[in-house]
Amino acid sequence: MSTDLTASPPTATELHRYTEALLTHLAADGSAPPQAPDFHDVADYWLPPAVEALIAILAGDDPIEPLTRAAGRDQQKTALFLCLALAVAGHGGRIHASWLGTAFGELSLDRPVTHGQRSLWLAAARGAYGPAGKIFVLRKLDALAVPDAAEPRAWVQALAPGEPSVVVPNSLVDFPEMAEIPELARPAQAAARLARLRARCAEITSAKQAEQDSSAPLTNSSGSPASAWAEDEPLAVLRTLAGLSGPEGPMGSLTAHLLDDLRPGADPHLAAIALHVAAPILRAYADEMEADTQLIPPSTVTVALLGHRIVLCPEGPDPESFSRAEQEIAAKGAPKRRPPIAAYALIVLGVAAVAAFVIHGLLAVLGVAMLGLGGWLLWQRHQAKEADNRYVTAQLNELRELADGAVWALHAYAREAEARAKQAAEDSTDLNRLIRRGPRAA
């Protein structure tokens, strides 16, 4: 608050009381309080004549005299007060064309956006000043190289965050690990990105969506009170200008505001303007993604099947790599075993013991036991060998089935490539069309 009122506390109290009532009425029904203002003008303070000018405008009277006095004391604050107050009242069309430029000031990439600038930006985006107000903000933003102030990828991530790390096309559902192969992943990922960007742009530029999400329009024609707006919007700035609230909060940079406006859940009117600013980046990105979808699938790819690297060709798995995998499976599944020396020794000793039963009967019993143990060891070895052979056979059959299935999946992927590229071209064209109509649609 200016020190102009410190010498007269009663005047300050009356001015604040009437201004509070004025803003409340503006937010409620767009009119001034029925009672006449009960405060006196204060030399060198802009607010009293600015309030008088606002009341005259709302009443349809000539505001020139109080407006001249207010502007002579602080032209920028007077213009900002009138522009925001008339927007809150739903009479933004009554502002003078020059007031917006005076109130808004200059935008810069090197300085934060003031709360007044952000509020005028919001009011214009929501149509408070008609098409001319929206064009005014767009020209202010177009005058700066805003897209270059952030990495191109930042604009895309703000518009469509939460991108999946891997996109698995229908043809590779049974072999999702193949979708991670760079040559196969790049076209599918590009097509998915384009589709998500097009859908997000359609969401922003949809007039129906804009009407649905705009629950607090800058007009009182629908009976929505301006007091329901967020604290950083026009009514809060008006209260701060009039000295009715505490200090303003921190200000954000121009790029930060635009990136926030692009994110899902943002006001669709603000998103439409941010989309217009980011249009050059998005067009270039869409062209790049469309080109990626047109990449020809590789004729051969190397995949890991059962832990073995197999080269897949259009006609089937590469014989050399497949043979090497078969050898590795056989070597691991049926390892070489040492000769059954113990079993043979037991059998030889058992035969000798049985042959010596004439010397002592117990030798025959011992011999039979050794023969049985030796035979059991040989049988165990045979069973283990049979199990190894069955395991190797099953692994080889599974490897063959997987290799054949992967080859068929590659053929299906190649058949999808043409349709994918065609759809990407349509998405890119549609995205560019939506970008062109962005600010006008919302």
Side-chain angles (χ1 to χ4, degrees), residues 23 26-32 50 53-64 67 71 75-76 78-107 113 115-143 204-226 228-230 233-235 237-238 257-258 261 266-277 279 435-442:
L23 295 182
L26 292 179
D29 57 16
S31 65
L54 176 60
I55 295 173
I57 293 172
L58 293 174
D61 299 332
D62 186 359
I64 291 298
L67 180 60
Q75 186 178 20
Q76 197 273 336
T78 299
L80 180 60
F81 179 81
L82 292 176
C83 286
L84 293 181
L86 289 170
V88 166
H91 301 300
R94 298 187 184 185
I95 70 167
H96 191 276
S98 64
W99 294 356
L100 267 182
T102 302
F104 200 87
E106 294 301 322
L107 280 177
V113 177
H115 295 290
Q117 287 175 326
R118 180 62 173 173
S119 295
L120 289 171
W121 181 346
L122 171 62
R126 285 181 172 176
Y129 309 117
K134 188 178 297 185
I135 292 173
F136 169 82
V137 173
L138 289 174
R139 286 179 175 173
K140 284 286 186 180
L141 294 170
D142 286 342
I204 291 174
T205 57
S206 168
K208 180 179 179 181
Q209 184 71 29
E211 293 173 1
Q212 176 182 348
D213 290 349
S214 184
S215 58
L218 281 173
T219 173
N220 291 317
S221 60
S222 63
S224 300
W229 302 340
E233 295 185 3
L235 194 61
V237 175
L238 282 170
H257 279 303
L258 288 167
D261 291 345
D267 185 291
H269 302 92
L270 294 174
I273 287 181
L275 186 65
H276 168 81
V277 175
I435 288 175
R436 284 195 298 270
R437 64 183 287 263
R440 293 189 295 276

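Starting from 1, each residue takes its place in the sequence as its number. Note that the structure is predicted; figures quoted are calculated from it, not measured.
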Backbone N/O of Val113 and side chain of His257: donor-acceptor pair under 3.5 Å =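 Judged by distance alone, no pair lies under 3.5 Å.
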Self-check item: Arg94 side chain vs Ile57 backbone, donor-acceptor pair below 3.5 Å
Solution: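 Judged by distance alone, yes, a pair lies under 3.5 Å.
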- Query: Given the rule in the side-chain contact (heavy atoms from CB on, under 4.5 Å) test, do Leu82 and Leu67 qualify, once you have shown the distances and angles that lead to the verdict?
  - Reply: CA-CA 10 Å; Leu82 292 176; Leu67 180 60; 3.4 Å; yes
Side-chain contact, heavy-atom cut-off 4.5 Å: [X] with [Y]?
X: Trp121; Y: Leu141; answer: yes
X: Ile95; Y: Leu100; answer: yes
X: Cys83; Y: Leu120; answer: yes
X: Ile55; Y: Asp61; answer: no
X: Ile204; Y: His269; answer: no
X: Lys140; Y: Gln117; answer: no
X: Tyr129; Y: Val137; answer: no
X: Val88; Y: Leu23; answer: no

#### Entry: From CA spacing to verdict: side-chain contact (heavy atoms from CB on, under 4.5 Å), Leu26, Leu54
CA-CA 11 Å; Leu26 292 179; Leu54 176 60; 4.0 Å; yes
- Query: Taking atom CG of Asp261 and atom CZ of Arg118, what is their separation to the nearest 0.5 Å?
  - Reply: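 It is 4.0 Å, given to the nearest 0.5 Å.
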Check your understanding: If you measure from OG1 on Thr102 to CD on Gln76, what distance do you get to the nearest 0.5 Å?
Key ->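 Thr102 atom OG1 to Gln76 atom CD measures 8.5 Å (nearest 0.5 Å).
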**OP:** Apply side-chain contact (heavy atoms from CB on, under 4.5 Å) to His276 and Asp142, showing your working.
**Re:** CA-CA 9 Å; His276 168 81; Asp142 286 342; 3.1 Å; yes
Let's go through Leu86 and Trp99 carefully: what are the C-alpha distance in whole Å and the side-chain angles of both, what is the deciding distance for side-chain contact (heavy atoms from CB on, under 4.5 Å) to 0.1 Å, and is it a yes or a no? CA-CA 12 Å; Leu86 289 170; Trp99 294 356; 4.1 Å; yes
Which heavy atom in [X] sits nearest to a heavy atom in [Y], and how many Å separate them?
X: Ala71; Y: Thr78; value: N-OG1, 3.8 Å
X: Leu235; Y: Ala27; value: CD2-CB, 4.3 Å
X: Ala53; Y: Pro63; value: O-CB, 3.7 Å
X: Gly30; Y: Leu58; value: O-CD2, 4.1 Å

